[in-house]
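What follows is a single structure, written as structure tokens, with notes after it.
Please read all numbers here as calculations on a predicted model, not as lab measurements. Just follow the structure's listing: the first ligand is 1, and inside any ligand the first atom is 1.
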Amino acid sequence: MGTPHVLAIPYPAQGHVIPLLELAQCLVTHGCKVTFVNSEFNHKRVVNALSDKDHVRSHINLVSITDGLEPWEDRNDLGKLTEAILKVMPGKLEELIEQVNRSDSNKITCIVADASMGWALEVAEKMQIIRRAAFWPAAVAIFALGMSVPELIDDGIIDSDGTPVKNQVIQLSPTMPLMSTENFPWTCFGDLTTQKIILNLNSRNNKAIEVAHWMISNSSYELEPAAFALFPNVLPIGPLLASNRLGKSAGYFWPEDSTCLKWLDQQPAHSVIYVAFGSFTVFDCIQFHELALGLELTNRPFLWVVRPDITEEMNDPYPKGFKDRTAKRGRMVGWAPQQTVLSHPSVACFVSHCGWNSTVEGISTGTPFLCWPYFADQFFNQSYICDVWKVGLGFNRDESGIIKQAEIKDKVEQLLGDETFKARALHLKEVTAKTVKEGGCSRNNFNNFVKWMKE
Ligand code: UDP
């Protein structure tokens, strides 16, 4: 039989593009052809940031369709982005599939769609793409929560708009970790309109994934046994990351500043605090200053990712004199090669916003965490890190909601002064490495998935 031709389509956000592109690279290695569909806006950024990673462009057909927004519109407004996607992308995807099938003798045989892009599975069904899979790039516990929305409404835990009726802690099953209604991901937007759009998207996706034959996730049984027990039709194939081929992952929206690797080489083993908050987090000036002063106060070397858009004040966002005072032991970059940084022997701990990709990257490299969640699923990921796997600590906020410099220093000391965090982190690293190696659970699922694509 011919080579399977997979069309892969992520939700247009950084934390979705990276793991699906990683999966795409794995599929190529296993003999599939992949056409990867980014939004036009993200496609440009990804291609710009690829620089020397030509292996990606030569192995994967990177294409794009519009996300329905104008180039200058705000893509961090997820309500608006979602509405535009639903309105415009299905038609554009249909056209793209027709065009690819016209020009390529190897027609598209499979689709792997982000589970947040359920409509793409419907398009695939309509266009008779016979092998359909949904990919869940986050914690399966969060998928389980999304699937449970109708029950949460029936049980009076949330109202029909998704707003919690009261603040409480729930469990989706007796073995599942506790979940606080305050942190339900769809409630994080601060406005009811967006909340309703996201909740509607959730219910539409839950229906759409019924036309998928496989539901795979970037997680593992070892990390989330209870969530997989609750939804046994979701199969883990992760953690997917370029752990054995560092530097090869791609899909970044910002160019990596890899000069920090040389700087890391010069730091003592297990000394550096790595600080990064993913692609979305935004700081107000007060909190940004407090973080800078907290890092200064630790008196340790630090590598801090300060994205060009991380605060509103970008001229010189740092406290007065901070850069001079910390020049000898602090390093700021716009975007780091994070997976390589976390694998570096100089790194001692990871101050993280607990996005799922950052979470599995920290786990896979045996790095203890200091958790600083910002929104959506990050609060729940923090409970996995601190309460379930016990490989990190959270920060306390003061009465005005600020994490103060002294708190930052204290928690760094506490984490690095207690070797049991590192010991548990190393154990989890081993467990997750095993599951993606030949013979491991995630690897078996992945192999079966590829076999099915080739049938
Ligand atoms: N990342 C990176 N360099 C940075 C910051 C982040 O390569 O300086 C990557 C990180 O390795 C992860 C992704 O960006 O793969 C962020 O995804 P995550 O789910 O952690 O957070 P999100 O951006 O979705 O909030």
- line: Heavy-atom proximity to atom 15 (O) of ligand 1, picking from E361, Q14, Q338, points to E361
message: Students often mix this up, so state it plainly: with edges at 30° and 60°, are the rings of W356 and Y384 parallel, tilted or perpendicular?
response: tilted
query: Taking the six-membered ring of W214, is NZ or CZ of R132 closer than 6.0 Å to its centre and within 45° of its axis?
result: no
Parallel, tilted or perpendicular: rings of W304 and F302 (30°, 60°): perpendicular
- request: Indicate yes or no: does an N/O atom of A336 lie under 3.5 Å from an N/O atom of ligand 1?
  value: yes
message: Between S220 and E222, is there a side-chain donor-acceptor contact under 3.5 Å, judged purely by atom types and distance?
response: yes
- line: among protein heavy atoms, the one nearest atom 24 (O) of ligand 1 is G15 CA, 3.4 Å
query: Between K44 and E40, does at least one N-O distance fall below 4.0 Å, as a salt bridge requires?
result: no
message: Over 60° means perpendicular and under 30° means parallel, so tell me whether F288 and Y318 are parallel, tilted or perpendicular.
response: tilted
message: Do the side chains of D67 and R75 get close enough for a salt bridge, i.e. N-O under 4.0 angstrom?
response: yes
message: Quick test: of every protein heavy atom, which one is nearest to atom 13 (C) of ligand 1, and how far off is it to 0.1 Å?
response: I18 CD1, 3.5 Å
message: Strictly below 4.0 Å, N to O, side chains only: are E122 and R204 in salt-bridge contact?
response: yes
statement: Ranking N357, L342, V341 by closest non-hydrogen atom to atom 19 (O) of ligand 1, top hit is N357
query: Tell me: protein heavy atom nearest atom 23 (O) of ligand 1, and distance?
result: S279 OG, 2.4 Å
- prompt: What atoms in ligand 1 come closer than 4.0 Å to a heavy atom of V305?
  reply: 8 (O)
task: Pick, from S358, G355, G334, P137, the option with the minimum heavy-atom distance to atom 16 (C) of ligand 1.
output: S358
field: Close-contact set for ligand 1 against W356 heavy atoms, below 4.0 Å
entry: 19 (O)
query: Going by distance only, is there an N or O of T359 that falls short of 3.5 Å from an N or O of ligand 1?
result: no
- request: Would you mind telling me which of V140, T432, T435 makes a side chain to side chain contact (heavy atoms under 4.5 Å, CB included) with L223?
  value: T432
query: Among W335, Y252, F375, which residue places a heavy atom closest to atom 5 (C) of ligand 1?
result: W335
query: Which of the atoms of ligand 1 are close to G278, meaning less than 4.0 Å from one of its heavy atoms?
result: 23 (O)
- request: Could you tell me if any non-hydrogen atom of H353 lies under 4.0 Å from any atom of ligand 1?
  value: yes
message: Once you restrict to heavy atoms under 4.0 Å, what part of E256 touches ligand 1? Side chain, backbone, both or neither.
response: neither
